[in-house]
Structures are given as C-alpha cells and as structure tokens.
Amino acid sequence: MEYAIEMLNITKEFPGIKANDNITLQVKRGEIHALLGENGAGKSTLMSILFGLYQPDIGEIRINGEKVTINDPNDANKYNIGMVHQHFKLVHNFTILENIVLGVEETKHGVLSLDNARKKVMALSDQYHLNIEPDKLISEITVGMQQRVEILKMLYRDNEILIFDEPTAVLTPQEITELMGIMKGLKTEGKSIVFITHKLDEIKEAADRCTIIRKGQYVDTVDVATTSKEKMSELMVGRKVNFNVEKGEAHIGETALKLENVSYLPRHATKKVLNNVSFEAHKGEITCIAGIDGNGQTELVYAIYGLIHPTEGKIIMNDKDITNETIRQRTLDGMACIPEDRHKHGLVLDYNLAENIVLKNYFQSPYSNKGILNFNKIYEHANELIEKYDVRSGEGAYSITRGMSGGNQQKAIIAREIESGADVLICVQPTRGLDVGAIEFIHSQIVKQRDEGKAVLLISLELSEVMSVSDRILVMSEGEIVADVKPEETNEQELGLYMSGSKRGVGYEK
C-alpha cells in the first residue's frame with residue numbers, strides 16, 4: 001500500500017526529555033488521520049518534524065513512497081505539506097490577504113501585486129465556504145476567523161497534506177461544527193489530513209483512523225468507526241477514565257461575590273457590552289456562566305477581576321466594595337482567576353515554570369523577605385505543584401514556559417490559581433486544550449474547592465461541561481443574563497435557546 005505520508009521510527013530528544021521515541025505514523029491518501037495523545041505526549045513535536053521545524057535524531061520520512069529530507073518549512077511547502085499551528089502564526093497588523101500571500105508574494109517591477117492573489121483567495125473562500133473579508137486586519141477578526149485564514153494559507157499554496165494542530169482548542173461549538181465540515185470537504189477533494197487532538201468526540205465525528213501515542217511512544221493505530229471512545233481514552237492515558245464528574249450535593253453558604261447592575265460601555269462604542277448584570281455567587285457552590293462566545297462573558301470576567309472598570313454598577317466581594325480596586329488588591333482580598341487567554345493574561349512566557357507559579361505572591365513570605373527573593377522556597381513550592389498537578393516539561397521547575405505544550409501551560413496556571421487558597425475562584429475555560437485524563441483531574445479539583453467552601457465561578461463554552469460540573473447556570477446573551485437555572489432542571493437544547501436569545505428564563509422576561 002502506498003501512503004501519502006510515512007514517518008518511520010522517528011526519535012527526537014530535547015534537554016531532559018525524549019519527545020518522540022521510535023514513533024511510526026502512516027497516513028493514507030485522502031483520509032483524515034487523528035493523532036491522539038495526552039498533553040506533552042509528543043504530538044506537536046512529531047508534526048513539527050514533518051513540517052520541517054525540527055529534524056529527527058533518528059528515523060526517516062517518506063512522501064508518496066519516496067524518501068525525503070525536510071530541513072525547513074520551505075521544504076515542507078515544496079512537498080505540498082501545510083500546517084495550522086495550535087497558536088496561529090499570523091501578523092496582526094497585516095490584512096487577511098497580506099497574511100495569506102506572505103512568503104509567496106507576486107511582484108511586478110519590485111512592487112507587490114495582489115490582484116491575482118485576491119481572485120484566487122476569494123475563489124477558494126467561496127469554494128470552501130470560508131466567508132473571509134480579505135481587507136480586514138487580523139487584529140480585527142475573531143479567533144475562529146483567524147483559523148480560516150490559516151486554512152486558506154495552506155489551500156493558496158496548493159498543499160495536499162494538511163496538518164491541523166489542536167485546531168478546535170480556541171473555537172466555539174458552532175465554529176467547531178463548521179471546521180469539521182471544512183475538513184470533510186478537503187478530504188473529498190483527495191487531500192490527506194493529520195488532525196492532532198485529544199477530543200474524542202471530534203475524532204469520532206471526523207477521523208477515519210487514529211494513531212495513539214503515550215509519553216513519546218507509539219501505542220496503536222485503530223479504526224475510528226469500530227473503536228469506542230472509552231477504548232481510545234484508555235489507550236491514550238494508560239488507565240480507565242471516568243467521563244462522569246463525581247460530585248456530591250452542594251452545601252451552599254453565604255454570598256462571596258455580588259454584582260449589582262454592572263454595565264460596561266467601551267470607549268467609542270454605541271452599545272453596552274454588559275447590560276445591567278446582577279447576580280450572587282455563594283460559597284460552596286459552582287455557579288456557571290454559559291453563553292455563545294462574544295456575548296459579554298470576557299468583559300464580565302475582566303470587570304470582576306479588575307482588567308476593566310464597569311461604567312455603572314458595583315462589585316462586592318465578602319461584603320467589601322472592590323469595584324475600583326487594583327488586581328493585586330483583589331488577589332490579596334481572596335480572588336483567583338484562571339484566565340481565558342493563557343498567553344496574554346496567564347503566563348510570562350519567557351519566565352521559567354517556578355517563576356510563573358509564584359507570579360502572584362513572590363512579594364510575600366516565605367518567597368521573599370524585605371524585598372529579597374528566597375529561591376529555595378520558590379523552587380520547593382513549584383516542585384510540589386508540578387508533582388501534584390502532573391505538569392510535564394523537559395527541565396521541571398527550570399523549564400522556560402514558552403517551550404512547554406499548551407496543555408501543560410494550562411495545568412501550571414490551574415495549579416497556581418487553585419493552590420492560592422482564594423475564597424472566589426474564577427475559572428474561564430479551565431479545561432480548554434486538556435486531554436481527558438487532565439480534564440477528569442481538573443474537574444475533581446474544582447469540585448474539591450467547592451466542597452472546601454469556596455465560591456467557584458465557571459465560564460465555559462462546552463455545554464457538556466456546563467451541565468456536568470455546575471450547581472447553578474446563569475445564561476448570558478448579548479451582555480445580559482437571560483436565565484438562572486439548575487442543571488438538573490434543564491437540558492442542552494433549552495440552554496441553546498437561551499444562549500441564542502430566542503428564549504428567556506422566569507424572571508428575566510423583557
């Protein structure tokens with residue numbers, strides 16, 4: 001059988017870690033082939049080797065049966081290989097069209113000529129229903145639209161082998177459905193797709209076969225249609241995984257966080273992004289804010305945590321008005337936050353793991369004394385959390401965070417915030433980009449915080465997570481709270497109606 005891609009006996013080592021240990025991957029022509037593994041299992045490294053970002057220490061690559069050497073991404077392009085990276089590689093102050101042609105520009109007498117490119121890009125956009133606006137800046141478009149730009153970059157270069165690295169980690173449920181449709185369309189055109197993920201539902205939805213790797217080693221290649229999700233998760237994690245969130249009854253205590261008529265009108269805007277939001281979050285309860293992305297959840301978290309100040313209304317924590325307090329003061333008052341954007345608001349990427357773990361309390365005892373840092377205590381604390389939360393990296397506490405896998409960066413933030421002992425824990429998309437084993441662990445930690453009497457505010461776009469983790473669901477639509485329901489008294493369909501604005505809950509009628 002001739003394969004479109006064969007990666008045979010690939011081994012790649014970095015300082016302190018064997019990322020790929022004798023892995024073989026064989027992808028047929030015209031198939032969607034999933035690459036499944038835990039955070040840090042070596043999936044992205046393997047695909048970065050295929051794309052020419054790394055060279056293997058041992059092993060060979062064959063494209064359409066022919067042995068090739070891929071020294072850099074230009075070589076990859078030569079063999080018609082394209083890649084959509086987990087963290088997109090786009091120039092934010094360039095337009096969509098400029099980003100697509102970057103590196104393969106057409107010039108006339110030394111001047112950039114975009115006429116032919118525009119025609120080809122719009123034809124591709126129509127053909128695959130990508131609906132892009134070529135003259136918009138990347139900084140002005142949604143994350144889902146940025147991903148479409150990355151896909152168009154590959155199609156524009158006539159790539160036949162397409163690599164998607166965790167493509168759904170930052171997408172809304174609607175965008176994920178659209179992406180699955182696009183991938184199936186590409187497969188019908190005869191393109192070969194490698195799809196890195198750890199979301200088993202998506203593998204079942206889109207993939208033909210699936211190769212599973214664990215801790216850098218090949219485990220198995222299975223036929224997706226005949227293999228259960230439970231079996232795939234067991235092969236991935238090495239043990240049986242419980243898909244149900246284990247939690248007892250909530251023992252609801254006093255109010256920890258209270259919002260009174262909070263509104264926010266951004267400068268130069270004509271419409272409020274938050275409109276008269278009022279609710280209470282209690283100790284011993286997981287309150288979930290559900291909604292379609294872009295309906296005010298981000299601004300709500302920013303207002304609660306102090307990244308923006310509301311135009312109207314009050315925010316009260318433990319009976320103290322914190323509306324105009326600084327972020328540090330809110331942290332000292334007992335608030336913790338797992339942010340939506342781990343790179344922008346969660347980590348200093350060029351600091352090491354220990355420095356990131358102590359980022360919010362480095363100025364307090366025992367980590368410093370009279371302004372002098374106590375590195376022994378800092379690294380001791382970091383090592384405890386790395387062990388407890390299974391944060392995997394090449395050089396432990398000394399690993400530079402930028403070089404870690406996205407899932408392990410997320411685990412580091414979760415460890416820091418949960419272990420801060422805060423009264424109010426805000427969790428925004430806490431399991432985004434995590435594998436089933438890690439999700440099971442994080443959900444159990446969130447429930448444990450609730451059972452220890454903390455108030456947990458969960459913001460999630462995953463309806464299955466909303467239904468299984470929360471004790472109470474507040475639904476947001478267009479900057480307003482439109483329903484307050486218990487998970488056992490509703491279902492995903494009804495939540496969808498609230499989220500889209502076509503239904504309102506009792507007491508929230510206009």
Side-chain angles (χ1 to χ4, degrees), residues 244-262 274 277-291 295-297 300-305 313-322 330-331 333-340 414 417-431 439-477 480-492 494-495 498-499 505-508:
N244 300 317
V245 177
E246 299 287 335
K247 68 184 207 315
E249 205 176 314
H251 299 289
I252 298 166
E254 58 203 48
T255 302
L257 180 71
K258 185 177 182 183
L259 273 70
E260 295 178 357
N261 310 107
V262 170
L274 293 176
V277 174
S278 297
F279 69 85
E280 293 183 9
H282 302 98
K283 291 181 178 176
E285 183 178 43
I286 298 169
T287 306
C288 181
I289 308 277
N295 277 268
Q297 305 96 308
L300 180 66
V301 172
Y302 283 6
I304 295 171
Y305 201 55
K314 278 207 284 196
I315 300 167
I316 294 156
M317 184 166 77
N318 292 336
D319 299 326
K320 179 183 178 185
D321 187 339
I322 61 164
R330 287 172 208 231
T331 303
D333 287 344
M335 186 182 284
C337 180
I338 297 162
E340 181 175 17
I414 287 166
E417 300 302 323
I418 285 182
E419 295 293 326
S420 67
D423 289 333
V424 175
L425 176 65
I426 305 164
C427 305
V428 190
Q429 298 282 79
T431 56
I439 289 170
E440 179 191 37
F441 175 71
I442 298 308
H443 283 164
S444 71
Q445 290 298 316
I446 289 173
V447 171
K448 187 164 171 262
Q449 290 298 299
R450 174 201 82 163
D451 294 344
E452 287 175 5
K454 310 291 168 61
V456 180
L457 187 63
L458 171 69
I459 291 85
S460 178
L461 300 172
E462 305 262 355
L463 285 182
S464 55
E465 182 169 69
V466 170
M467 292 294 285
S468 59
V469 179
S470 59
D471 298 310
R472 173 174 162 233
I473 304 166
L474 301 172
V475 186
M476 276 190 91
S477 177
E480 293 181 49
I481 295 200
V482 295
D484 180 348
V485 291
K486 292 261 195 298
E488 59 272 19
E489 292 165 8
T490 187
N491 56 44
E492 290 191 17
E494 186 179 39
L495 283 181
Y498 289 138
M499 284 157 66
V506 179
Y508 290 92

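All heavy atoms count here, side chains included; hydrogens, waters and symmetry mates do not.
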Shortest non-hydrogen separation from [X] to [Y] and the atoms involved:
X	Y	answer
Ile459	Pro430	O-CD, 4.3 Å
Leu461	Gln429	N-OE1, 2.8 Å
Asp471	Pro487	O-CD, 3.3 Å
Arg330	Met317	O-CE, 3.9 Å
Ile481	Leu474	CD1-CD1, 4.1 Å
Tyr498	Val475	CB-CG1, 3.6 Å

### Residues Asp451, Lys247: salt bridge by 4.0 Å N-O rule
no
In Å and rounded to the nearest 0.5 Å, what is the [atom1] to [atom2] distance from [X] to [Y]?
X	Y	atom1	atom2	value
Leu463	Met499	CG	CE	4.5 Å
His282	Thr255	NE2	OG1	3.5 Å
Glu419	Gln445	CD	CD	7.0 Å
Lys486	Ser470	NZ	OG	10.0 Å

Quick one: does [X]'s side chain get under 4.5 Å of [Y]'s, heavy atoms only?
X	Y	result
Lys314	Val262	no
Val424	Ile304	no
Leu457	Cys427	no
Leu425	Glu417	yes
Val428	Gln297	no
Asp484	Arg472	yes
Leu495	Met467	yes
Cys337	Val301	yes

### Query
Mind checking what makes side-chain contact (heavy atoms from CB on, under 4.5 Å) contact with Asn318, not counting sequence neighbours?
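Asn318: side-chain contact (heavy atoms from CB on, under 4.5 Å) contacts with Ala256, Lys283, Asp423.
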### Task
Report the residue from Ile316, Ile426, Ile315, Thr287 that forms a side chain to side chain contact (heavy atoms under 4.5 Å, CB included) with Leu257.
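Exactly one pass, corresponding to Ile315.
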#### Entry: Glu249 atom CD, over 12 foreign heavy atoms within 6.0 Å
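It does not: Glu249 CD has 12 such atoms or fewer within range.
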Quick one: does [X]'s side chain have a donor or acceptor within less than 3.5 Å of a partner on [Y]'s backbone?
X	Y	result
Ser444	Phe441	yes
Glu260	Ser278	no
Glu285	Ala250	no

#### Entry: Set of residues satisfying side chain to side chain donor-acceptor pair (under 3.5 Å) with respect to Gln449, sequence neighbours excluded
none
